[in-house]
Engineer: 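Please see the structure below; I have some questions.
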Amino acid sequence: MITSTLRMLVLVPFCLLSLACAGAGLEKPTAAVKGMSLGAINATGLTMNFDVDVTNPNAFAVPLTAADYGLSISGTKVLDGKAEPGGELPAKGTRSLVLPVAVTFENLLAAEQALVKTGGNIPFSLDAGLSAGRGTALLGQSVRVPLSYSGTLPLRDVLNDPKILLQSPAARALAQKVIGNALGGTLGR
């Protein structure tokens with residue numbers, strides 16, 4: 001009886017240590033933004049959908065646990081956010097996912113000075129990260145995979161929709177800044 005108890009006292013910590021060491025071999029996945037497309041556009045704002053490919057070099061599946069992002073318009077930070085992509089990265093494989101970033105017209109107004117200079121096609125940059133891994137000391141570590149992408153948001157096209165302009169005072173204010181006072185002044189009456 002004492003021998004089996006002593007054996008358990010030695011084996012349990014050894015097993016736990018083996019599990020922790022096995023998780024220590026997590027190789028960092030890589031990720032790249034392939035492009036951005038506009039999703040839903042309504043009276044409050046728009047959704048920028050970022051298409052991301054994430055590659056897992058490990059011989060085991062790795063869960064995606066979180067995403068964080070910051071969006072800047074012409075160098076002016078307009079928002080920070082978080083998302084939960086869920087799912088997992090396949091072993092030695094690539095997963096494509098969409099990272100949706102909801103932007104209100106009020107967020108865009110924060111970059112007012114930059115908007116005036118652009119004429120409607122505004123440069124943006126996304127700085128983001130995906131968290132992958134098990135996230136517990138016992139089962140292994142979690143790693144943050146950085147993402148960065150720059151492009152042009154065709155805001156002029158969005159603001160040419162009369163329905164949006166009639167429903168949103170913030171969109172009208174943006175139209176005045178981006179497209180010009182004539183359009184915004186006419187719709188404001």
Side-chain angles (χ1 to χ4, degrees), residues 28-55 64-87 89 94-132 142-189:
K28 191 173 189 174
T30 57
V33 178
K34 297 299 182 185
M36 186 279 298
S37 61
L38 290 179
I41 301 170
N42 56 41
T44 59
L46 53 96
T47 301
M48 298 171 72
N49 290 321
F50 292 90
D51 298 316
V52 181
D53 283 347
V54 189
T55 301
L64 279 174
T65 56
D68 60 88
Y69 55 83
L71 183 72
S72 297
I73 302 290
S74 292
T76 301
K77 185 95 167 236
V78 294
L79 77 105
D80 289 307
K82 295 189 182 296
E84 293 183 22
L89 303 174
T94 298
R95 176 180 169 200
S96 295
L97 61 96
V98 174
L99 177 61
V101 175
V103 183
T104 66
F105 291 123
E106 286 82 9
N107 292 139
L108 294 173
L109 280 170
E112 180 178 340
Q113 294 302 318
L115 294 174
V116 172
K117 298 175 187 174
T118 65
N121 293 323
I122 56 176
F124 69 85
S125 61
L126 174 78
D127 289 310
L130 298 172
S131 295
S142 181
V143 295
R144 183 176 184 274
V145 181
L147 290 169
S148 137
Y149 185 78
S150 297
T152 303
L153 175 64
L155 188 59
R156 185 180 194 98
D157 295 343
V158 171
L159 295 175
N160 277 327
D161 183 345
K163 181 180 174 187
I164 297 297
L165 294 174
L166 290 171
Q167 293 176 348
S168 173
R172 281 194 302 279
L174 280 172
Q176 286 179 322
K177 305 286 184 211
V178 174
I179 298 172
N181 289 330
L183 176 62
T186 302
L187 291 170
R189 292 181 194 169

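Each residue takes its place number in the sequence, starting with 1. These values consider heavy atoms only, across backbone and side chains, with no hydrogens, waters or symmetry-generated copies. The model shown is predicted, which means the values in this text are computed figures rather than measured ones.
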Engineer: Could you check whether any side-chain heavy atom of L165 comes within less than 4.5 Å of a side-chain heavy atom of L159, counting everything from C-beta outward?
Structural biologist: yes
Engineer: So do the side chains of L64 and E84 get within less than 4.5 Å of each other, counting heavy atoms only?
Structural biologist: no
Engineer: Would L99 and N49 count as a side-chain contact (heavy atoms from CB on, under 4.5 Å) here? Give the steps.
Structural biologist: CA-CA 6 Å; L99 177 61; N49 290 321; over 6 Å; no
Engineer: Are side-chain heavy atoms of L46 and V158 found at a separation under 4.5 Å?
Structural biologist: yes
Engineer: Please tabulate, for the side chains in residues 31-44, all donor-acceptor contacts under 3.5 angstrom to protein atoms that are two or more places apart in sequence or on a different chain.
Structural biologist:
from : atom 1 : to  : atom 2 : distance (Å)
N42  : OD1    : T44 : N      : 2.9
N42  : OD1    : T44 : OG1    : 2.6
N42  : OD1    : G45 : N      : 3.2

Engineer: OH/Y149 to OG/S125 distance, rounded to the nearest 0.5 angstrom?
Structural biologist: 12.0 Å
Engineer: So do P29 and V143 actually touch side chain to side chain, heavy atoms under 4.5 Å?
Structural biologist: yes
Engineer: Which heavy atom in M48 sits nearest to a heavy atom in L71, and how many Å separate them?
Structural biologist: SD-CD2, 3.8 Å
Engineer: Among pairs that include at least one residue of residues 73-82, which meet salt bridge (charged side-chain N to carboxylate O under 4.0 Å, His left out), considering only residues two or more places apart or in two chains?
Structural biologist: K77-D80
Engineer: Under the side-chain hydrogen bond (donor to acceptor under 3.5 Å, both in side chains) rule, collect the residues that match up with D68, sequence neighbours excluded.
Structural biologist: R144
Engineer: Calculate, to the nearest 0.5 Å, the distance between atoms CG and OG belonging to L126 and S150 respectively.
Structural biologist: 8.5 Å
Engineer: Can you list the residues that meet the ring pair (Phe, Tyr, Trp, His ring centres under 6.0 Å) rule with F105, with sequence neighbours excluded?
Structural biologist: none
Engineer: Answer yes or no: is there a donor N or O on one side and an acceptor on the other, between the side chain of S131 and the main chain of T65, under 3.5 Å?
Structural biologist: no
Engineer: Quick test of your reading: applying side-chain hydrogen bond (donor to acceptor under 3.5 Å, both in side chains), list the pairs with at least one residue in residues 97-111, sequence neighbours left out, ordered by first then second residue.
Structural biologist: T104-N107
Engineer: Do you know which two heavy atoms are closest between A102 and L79, and how far apart they sit?
Structural biologist: O-CD2, 3.8 Å
Engineer: If you define the side chain from C-beta out and look only at heavy atoms, does anything of V101 sit under 4.5 Å from T47?
Structural biologist: no
Engineer: Going by the side chain to side chain contact (heavy atoms under 4.5 Å, CB included) test, name the single residue among V54, V52, D127 that passes it with L147.
Structural biologist: V52
Engineer: Between S96 and D53, does any side-chain donor sit less than 3.5 Å from a side-chain acceptor?
Structural biologist: yes
Engineer: Contact between Y69 and F50 at the side-chain level, heavy atoms closer than 4.5 Å - yes or no?
Structural biologist: no
Engineer: What's the separation between atom CG in L153 and atom CG in N121, rounded to the nearest 0.5 Å?
Structural biologist: 8.5 Å
Engineer: How far does CD1 of I122 sit from OG1 of T152, to the nearest 0.5 angstrom?
Structural biologist: 9.0 Å
Engineer: I need the full list of salt bridge (charged side-chain N to carboxylate O under 4.0 Å, His left out) pairs touching residues 145-163, with sequence neighbours left out, sorted by first then second residue.
Structural biologist: none
